[in-house]
Every structure is written in structure tokens, then in C-alpha cells.
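One structure coming up, written as C-alpha cells, with questions to follow.
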Amino acid sequence: MQEVTEKKEFTPNIVAFCCNWCSYAGADLAGSSRLTYPANVKIIRVPCSCRVNPMFVLKAFQQGADGVILCGCHPGDCYYVTGNYYTRRRMSLLYSFLNYMGIEKERTRVEWVSAAEGARFSAVMNDFVKQVTELGENRRLTDLRVKEGE
Amino acid sequence: MIEETLIPKVGVVTDIRKDTPDVKTFRVVGTDGKKLFEHMPGQCAMVSVPGVGECMFSITSSPTNQEFMEFSIKKCGCVTEVLHAMEVGQQITVRGPYGRNFPVEEDFKGKDLLFIAGGIGLAPLRSVINYVRHYRENYGKVVIVYGARSADDLVDFEEIKTEWKNEPNFEVYLTIDRPQEGWDDHVGFVPSYVKELGLDSNMTAVLCGPPIMIKFTLQGLLELGFEKSRVYTTLELRMKCGVGKCGRCNVGDKFVCKDGPVFRMDQLDELPDEY
Amino acid sequence: MLKIAKERLNELYGKIAQTQGLFIPVKKAGEVNYAIWGEGKEVSLETLKTVKSPKNMFFPQTENMMKFKTEGKNIDIIDMRDEKRPYVLFGVKACDYKAIEVLDKVFLADPVDTFYKARREATTIVTLACSRPEESCFCSVFGIDATAPAGDVTVWLDNENLYWQSNTEKGEALTAAVKELFTDGGEAEVEAQKAATKEILQKLPFAALDLSRFKPENLNELFDDPAWEELSEACLGCGTCTFVCPTCQCFDIRDFKTNDGILRYRCWDSCMYSDFTLMAHGNSRTTQMQRYRQRFMHKLVYYPSQNDGLYSCVGCGRCVNKCPQHLNIVKVIKTLGGKNDD
Amino acid sequence: MREVELKMKERAAELLQSGEVARVIGWKKGEFYFDPTPAVFESADELDGFVYNGFCGANLSKYLIQQSKKEGKTAIFLKPCDSFSFNQLVKEHRIKREDIYVIAIECQGKLDVEKLKEKGVSAVTEVEENGGEVVVSSLYGTVTLAKDEVLLSKCETCKSKVHQVKDEEIVFNEMQAGKKDRFEMVEKLEAMTEAERFAFWKEQLSKCIRCNACRNVCPACSCIKCVFDNPASGVAAKANDSEFEEQMFHIIRAFHVAGRCTDCGECSRVCPQNIPLHLLNRKFIKDIDTLYGEYQAGETADGKTPLTSYTESDAEPNDVMNGEAK
């Protein structure tokens, strides 16, 4: 597989898993406050950041995501009290492991965004999109069969 | 003749009939409006919904039907579930025909025939029964014993009532497992009904239904004096290729897809008990 | 007979690869498997047993068959096969060659598997005689001569040279294309090697396995033998034996959704897996014992019963080497093969 | 080892004869000296083929899931490393401690027949261990080799020679843990660039034939139905040599056993393509040790695992990724 050096006009596909109670509400607030974030961020609402099985992250990459970001309530503020503490451990290990497999660490991120942080949501997404755009297309953890014929 | 073993043809579902709460009959033709291929009674076809899967179904319609093929399908797995949710006009893929048919042109000729079916087990037999009706002069008396859980679960009830029952030299016995309002026919399980009827053991019998029904009905037939070499059934196992290559539908050294699905009871006796 | 010095083999590979794809045992990350040859690849003809057998060339582990494009209620089927360019499969051992014959009887039997056939026809097979059989080898039990395999071309290898003999029309065509690299001779060396190898073959521990009970007429008796329970007890139900086996041919057909239609592919499957025979309303083989029995009954009884007594084991010994818990067909043959009830 | 084997056989016979246990899980002789097979012995007469030698590398504990459900008590021989798996199985309620009689046995490190073959030794008839050396007899003569060079890779880095659980013990000689640091290779990989690591794993995983041996042998992989076998999961694909599916399978498998993997090394031992699968699990072990404190799965049969617990001051994922977390 060739590493892509050309990056012109590359718009990454970003999947953002957002917890229903904080980050999704944060995204809502960003919208109603007319703060923008790139349209190529596809939000998947989950009941709690803890709902995100590592399989979901891999599936997102398989289906063509160039970056995956997971957002939840700030630690201590989880709607289900402790859910995001587990998420924190899980995602630390998973992302570290993906990097160990050679997957660029810039492709994955965890951010805590509360319902009141519409501005932060927008800033985080803009920053992550920028980061992944600079990195280029995901070639290392993707299913070529999915992209066939594109 | 099959030119491409594993590449199917596109078929169009032109009619969907709801037979029972969980059985629908699908009428299928090719994209040119004609029948996809010719078959013999008892043969099967691989029907698939791309993206969901491919399954083997027996062809329910008679080969004498020149216009279309029919499949009576019970909802029980992922493919059948999608098929049941389907609308008329939907395309599916079909390949076949596969397997050996009932010996309608050989051993059945000139014989009195007994058909015993339970539930969806009527599907493969319907093809034979209608074939026999079409070439009525070639066969003797026909007796049909058909049972289901309830009157609502009888597949093709309309055809049975309006056509089969009026056919000359045809005897049709229906039964349901439990009494039901509005049902004035027989109530009881198929195996015991078969024994009660005291059927003539010189008939050639064809059995199809759930394994437990086959087991006890066969016992009953043997008690009545039927010979295993004149009792036929049709088997069903997991299949992927339909042509004896993918290696999963074998019972002993026989592949159900290729050497079956129609087996004589004495043939089955020689095979290991693994179906 | 022709010969070429060992150190010039790369020239031979290069020459073949000019016009055809060349599949040859190549070492990658420590393991030797058949792979397409290219400059700089570490060819290892000396390796007796590649991990995967060359069946992969005709019956790939995963093979895309067709694509379905759906629009509304309509389906379009797109055949994904392209014209097969000619291939040379180089270095096939006698057992693996025999295994290809076993597979031919399945895939080329009516109705022909056109995917397999296209690959098979496009390939010229160069077999390589064995000179250092291992303790796990038992091809001679199945009547295979490891010193003189069939194939389009047969080659022998010793410390100095590779000796070349073509056997078929396809082989002649390949010979003509590479002949300039060869000189004549080598008969004496080949004969000497054959004699030496045959001596070793006779001494191998499994050389005298008794298959006499594996006959179609004993099918039910073998099937019902209580020994299966104990034989299969340690079986993990992994598919290692089936995937390294050169004659295992079971496959699955599956669909995969891509951004550009639905891909239907076939891939190796294993009768050792619990979902192999799983249906919506049940499973005909629910225990590992039944699945284990199926595999060996298929190789030693069912297949021969349908193919004039030809066993679907070629004694390559891969399962002997690779089973995580050291279960293998040899144990089955020893336990059930020679036992005579009369 | 000979005296250990004799004693084991003797105890197995006693336990079976007295009816104290209904079956004994051990090893029986294979076709060669080097391929003993795990076996269940149900009577003393069956013990003829009983064997325990330098090639009994298999971890028997997983067999308990099936066997201990049967009527009567099950006795099992456990090497120190296998005893970790045993505890883990008890902890996960796959087996019940009271159904099993554990006989802790001596292990001086197990040998790898493939490494012997690499040294040019084939047709092995017997192997005698003599301190740091092994004397290998084969059809082609006798050779003496340094034991360290022919150990199974899982034994080179043996983490402990202390049995974590036992009802009795058959140990005659002192045992020593492995000489190599088990995280050495993990560290080496960590020190590489992303691209180098990717190339390393791509080459290794491209060998994978998806035979599932690693999964089926793994005592931590004890799901009744694996997600990769479940058609409803959407990932039960078998496109065995698709690059992504190889990654997916191994990542998910490694993650699923993270915090539960005892590092018994069976996955690497059984891999027909010799993929160093233990390096995947060890990354998790190392990360858990660094981030959440030293943890050894299977040390005890109770308590929480790192992934089912947390502290409020746990490291932030982004810091972990940037190497800022301790």
C-alpha cells in the first residue's frame, strides 16, 4: 500500500461519537449559537460515551472514516455517574494500541464536551478536522473493498 | 444446463401471496417476463437477496406451469425475513435447478400415490401433486394427508379446497393439531391420523414435514405394511453452493444438494444418522 | 533432461516472470508460503512444506465472484472475473500435486466450477521432487512417489543444479521459453537422488499406515465407532488443519456491502466451526466430535466412496505439524484404519 | 522430568482409583516424542499413554470449561503459568473452584520443536534435560543444545514459577522464571516510528490465515459465541485474507482479553504462521501496568480487572497518546 503524499483538496470523513447528555447537547448548542463545524463530521449519538465499543471505532475506520473522535461528559459529570471513567480507560488503551499497530495517533481523539460548551464543541471539531486533513487519507486501517469503485 | 455454477440470474417477484401467518408464496419470473429455467418436481433453487444471503428453497410450482415459478417460504431466518418484507416488483437472484427430483417419470408412473405433509412440508409436494394432476392419466389414485398446527397454518388452503378436492380419484384428508372454531374436519396429529385412515400399503408414499412428524409417520406407515423402498422424503441441510462442492450438506457420502434432496427411506437407512 | 546451475535460478525466475506470473515458495516474516515472485524476494525451494498449500492458487482463500448493483427494486449482476493471465506455479511437491488432482475431481466435476477452471487452465505447474522428507510425511501410504511427481514440468534440485524435465504440452511450451538458460544432462544425478530419497521414504515412521478399513462399505461402522469421542476430545475446533490442508475444499459464500454495490465473495470455510452447518432452524452437527468425525470421514470414506476409492488425504503431514494440540489424521488412521472386525 | 512424570502418573492413578476424582486432565503420548496431546483420563487403565515431558507446553486450563461441567470432580495438572489462567477462569465464573482438584507441577520451561528443526534436528526420539542443556536423540544421532535456544518463546520470558493455586504439588527441583524481559520487544516496537510499526504488523498479520487457533486455544477467549462467529454482529466475515479483517480480528481479540490475558503465550505457540501474537497482548499489559498500576491477571480469583475499575485521577487519553501520562 502506498502512503499518500498528495493532500490537495482532501476532505476527511470524520466520525464523532457523542454522548447524548453532554456532547450531543453541546453540538446542538453550537448549532443554535450559529457556531460552525465542518459538514464532514458525522455525529453518531450514543447514550453514553461508555457505549462505544472498540468495534464501533474500527467499523468507522473500515467504512472509510479518516478520523474518529469520541466525546462525552467531563469526568465526574457523567449522566450515569461513572460511565465516562470506564470510557477513559478503555479509549486510552485502545488508541494507544492502535498507535502501536502503526495507526497515526492524530486519527483518534477523546474530548470531554459539556452541554454548555457549544463553542468548545465547534472549536474541537474544527481543530480535529484540521489535524486529520493535514494527515491525509486513512490508508492503514481501512477496508479497500469498501472504497472500491470510488 | 447450468453454464455458470455460482452466478445467479436476476428474477422479478411478480406476486406475493400470504398463505399463513408465517408463510408467503412468491411468484418469480425472469427480467424478460419468462420462466427462469425448467425444473422437475422436488428440485430446488438458490434464492438470494444480495447483501443478506442465499438460501436453498424447493420450487413449489409445478414444472407444467409454463409462465412462472413459485416458492412457498416460511419466515424463520435472516433471508426469509427480508423476503417476507419484500414488495411486488422487487428483484431477487435465483440459480438452479438443483438436486434430484421425485421419480415422477419412473417409479411413480402408474402407481397409486400417497402424499403426507406437515406444515410448510407441503411446499415441495405441491409441485409433485400438481404435476400428477397435469398428467393425471399416468398415475393411479392419489391420497393426500395434510396437517398443520391450526387451520390458519395450512399452506395453499384455497387451492386444496377448490381444486384438489374436486379432482377425480383424489382423496384429500386435512387435519389440525388442536380443535379450532369453524373447523369441522379432523383434529389430531398427522402420524396418528395416518394410522387411523388405514391406508392401502401398496401405495407409493411421499413424506415431507418436520423431522419429528416424519419419524412417527414413517413408523406408522411401516406398521401399516408399507415398504421403505416405496416411501420417499426430501431433506434439507445448510447449503452454500448447491452443486456438491462447498462441503456442508452431506449426510455420509451423499450431498443433499446433489444426491438429494429426494431420498428413499431405504437409502436413508444406509446413511449415518446425521440429519 | 535439462539442467541449470543453482546460482542461476534467479535468471530462470526472471525469464519466466517476463511473460507470466510466477508463484513460488517465498519466505516472508519467517514463514514460507507461495507468493508472486519479484526481484529481491527470498525464494525457498528447499522448504519441504509451505504453511499454506498451493491450493490457494486455484482456490484462493478469498475470491471475489460478483457484484450486485441495486437501484430501487432492480438488481444488476456484474461478473468480476477478468481475463486470467497465464501463471506458472513453481516448486509443487508430489503430495501437493496429488492434492490438486483431488480438488480437480470436486471443482471440475459437473457442474464445473468456472472460477476454479479458469485458474487451473491458465496455470502451468512445475513440480519439485522431494529429497529430504520429514518424519511427518506419509505420502507413500497413498501411493505417491515423492521422488517423481507428475505435473507439466518436473524438476529435481540438488546442491549444485536444478534438473528439468517437461511432461506435457504446457510443459513443453514453458521449456521452449526458458530453454536457452539450460544445458543438457543430469539423468545420473536425478537417478541417484531418487534412489537415496526412496531409501529414506521407506524408513519414515508413518510409511506403513494401514488404510484397509477405510472403505465405503464400512461407512456406517466407522461412523458409529466409539473411538471418535476420545480422538476428538482435545480438539479446539479451530480451523488450522483445514486451512493448511491441501485437499480441504469447503467454502462459504458471503456478501459484503461496499460503497459501490454488494460484493459476493467466497472464502475458505472449515467443517470444524460450529456455524458451518448452522441453519435458521437448527444445526446438524452440534458437537465438536461430530465435526471432527465429519472431517476425517470425508477424507477417508465419503470422498473415496464418490471418487473411485481415491482418498482425499495425500499424506503431506501439515496437520501433523500444525495442529495446536497435536491431533491429526495419522492418529485417526492408526486408531480406526487397520482394525478389522472379522 | 522423569521423576515428575512418574509421580504425576502415580497420583493420577490413586485419585482415579479412590474415586476422589472422576477424571484427570493431563497429556498423553503422541506420534512422536515431541507432540504430546492434552487428554482426559477417566480410569487408571487409560493411564498407559500418560506422559509429561519437555514438550507439554499446552495450557490445559481451558479444557476445564467443558470437562468440569461433567459429573464428579476433575483433577488437572497445572504448570505455574497455567495456574494464572485457572484463577482467571474461576474469576469469570467459567469454572467452579470446588469442582476441581488442582495438582501443581514442576516446569523447567518447555521446548519448541520448530526451534529444534531450525537447528537442523529432525526425527526426535527423546530429549533429556540436563540443567542448562538439552540432549536431543534423533534418528540421525544425538546432539546437545543450549536449552535457552530451544525454549518456546513463551517460556523465554516466563513471568513466574509460582503456582497461584494448588491442592497439592509435585515439584522436585527449584524452578526459575524466564531470563528475558517480556516487554523488551514491545519497547522495541514502541521506539519505532508509526510507519515502521505499521510495516512490521502488516507483514506479520498478512500471514494470518484466520484459522482461529489463537482464539480457540486462549483461556480468556471463553465466550460461548464469539462475535466473529455471530452472523448478527455484522463482523462475522470470513474474507480471511482481507487486510482489514486481519487487523480487525486481532485488534478486537487483543482488546477483549485486555486486563484478562494472563500472558500464557498459547496464542503464539499455536499460530501456524508463527505470528508473534503475544506482542499484541503484552502491549495492553504494559500500558495497564504503566497507567493503572502493576496488574497481573490470574494472580487471584477475585477482585476487579483494570477495565472494570477506574480512579478519578486516571490519565487522559490524549495525554496517553502524547506520551505525557504516567
Side-chain angles (χ1 to χ4, degrees), chain C residues 28-31 33 35 48 51-52 56 60-64 132 134-136 200 203-206 230-231 233-244 251-252 254-257 263 265-270 272-275 278 288 318 320-328 330-331 334, chain D residues 25 27-28 30-32 34-40 42 46 55 58 60 62-63 66-67 113-114 117 122-125 138-139 200 202-207 209-218 225-226 229-231 236-242 245 266 269-276:
Chain C
K28 186 181 171 194
E31 300 301 310
N33 287 286
L48 189 62
V51 181
K52 275 194 196 180
N56 203 29
Q61 184 152 14
T62 305
E63 171 175 38
N64 293 338
R132 278 187 64 92
E134 277 183 1
E135 65 266 28
S136 57
I200 307 174
K203 285 191 210 151
L204 292 177
F206 299 153
E230 203 198 326
L231 280 168
E233 200 144 42
C235 180
L236 296 170
C238 75
T240 308
C241 53
T242 48
F243 288 178
V244 298
F251 59 84
D252 196 354
R254 285 176 176 244
D255 291 356
F256 180 85
K257 282 182 188 147
L263 185 66
Y265 64 90
R266 93 160 140 200
C267 56
W268 294 357
D269 203 350
S270 171
M272 291 286 160
Y273 294 157
S274 56
D275 61 348
L278 181 71
Q288 197 55 37
R318 283 187 178 86
V320 179
N321 291 331
K322 293 295 183 187
C323 174
Q325 308 295 38
H326 307 299
L327 305 168
N328 52 58
V330 171
K331 286 193 172 132
K334 282 193 173 172
Chain D
I25 307 180
W27 292 266
K28 75 175 171 207
E31 294 306 317
F32 307 103
F34 52 82
D35 67 344
T37 303
V40 181
E42 283 177 342
E46 293 172 20
F55 291 97
L60 302 180
K62 196 179 186 182
Y63 288 109
Q66 292 288 328
Q67 297 296 337
V113 69
E114 299 211 5
K117 280 189 186 157
S122 63
V124 177
T125 51
S138 76
L139 288 180
F200 173 84
K202 185 177 144 100
E203 192 178 31
Q204 288 296 343
L205 294 185
S206 69
K207 293 189 292 179
I209 56 171
R210 281 297 298 280
C211 66
N212 292 326
C214 51
R215 179 191 73 183
N216 289 19
V217 81
C218 176
K225 191 166 192 98
C226 175
D229 286 346
N230 179 1
K238 295 186 198 161
N240 326 50
D241 54 6
S242 133
E245 281 187 12
E266 282 286 87
R269 179 183 71 84
V270 302
C271 179
Q273 294 272 28
N274 288 313
I275 302 171

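Per chain, numbering begins at 1; letters A, B, ... match sequence-line order.
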Nearest atoms (heavy-atom pairs only) where D/Pro272 meets C/Lys322: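 Minimum heavy-atom separation between D/Pro272 and C/Lys322: O-NZ, 2.8 Å.
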
Atom pair CZ/CZ of C/Phe243 and D/Arg210 - distance to nearest 0.5 Å: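 It is 8.5 Å, given to the nearest 0.5 Å.
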
Segment of D/Glu114 engaging chain C (4.5 angstrom heavy-atom cut-off): side chain

Non-hydrogen side-chain atoms of C/Glu134 and D/Lys117 separated by less than 4.5 Å: yes

Minimum side-chain heavy-atom gap C/Lys52-D/Gln273 below 4.5 Å: yes

Chain C contact via D/Phe32 - side chain, backbone, both or neither, heavy atoms under 4.5 Å: side chain

Exercise: identify the closest heavy-atom pair between D/Gln204 and C/Ala29: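 In terms of heavy atoms, the two residues are closest at NE2-CB, 3.8 Å.
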
Heavy-atom closest contact (C/Cys238 atom, D/Asn216 atom, distance):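 Result for this residue pair: N-ND2, 3.2 Å.
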
Under 4.5 Å from any heavy atom of chain C - which part of D/Lys225: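 Looking at D/Lys225, just its side chain touches chain C.
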
D/Glu46 portion near chain C, given a 4.5 angstrom heavy-atom threshold: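 D/Glu46 has no heavy atom closer than 4.5 Å to chain C.
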
Donor-acceptor contact present, side-chain D/Lys207 to main-chain C/Glu31, <3.5 Å: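 A pair under 3.5 Å: no.
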
Salt-bridge contact D/Lys28-C/Glu233 (side-chain N to carboxylate O under 4.0 Å): no

Where D/Ala213 and C/Pro324 come nearest, the two heavy atoms and their spacing: CB-CG, 4.0 Å

Pairing residues for D/Tyr63 by the ring pair (Phe, Tyr, Trp, His ring centres under 6.0 Å) criterion, not counting sequence neighbours: none

Check: D/Glu31 and C/Pro205 side chains under 4.5 Å, non-hydrogen atoms: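 No, every pair of side-chain atoms sits at 4.5 Å or beyond.
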
Other residues, nucleotides, ligands: >12 heavy atoms within 6.0 Å of D/Gln66 CD: no

Proximal component of D/Arg215, with respect to chain C [non-hydrogen, under 4.5 Å]: neither

Options C/Leu327, C/Thr240, C/Leu278, C/Val330, ranked by heavy-atom pairs under 4.5 Å with chain D, top entry: C/Thr240

Heavy-atom pair of closest approach, residues C/Ala234 and D/Thr37: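 Closest approach of C/Ala234 to D/Thr37, heavy atoms only: CB-CG2, 3.9 Å.
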
C/Leu204 versus chain D, the contacting section by heavy-atom distance below 4.5 Å: neither

Closest heavy-atom pair and its distance - C/Glu135, D/Phe34: OE2-CZ, 3.3 Å

Min side-chain heavy-atom separation D/Ile209-C/Val244 under 4.5 Å: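 SC-SC contact between D/Ile209 and C/Val244 confirmed.
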
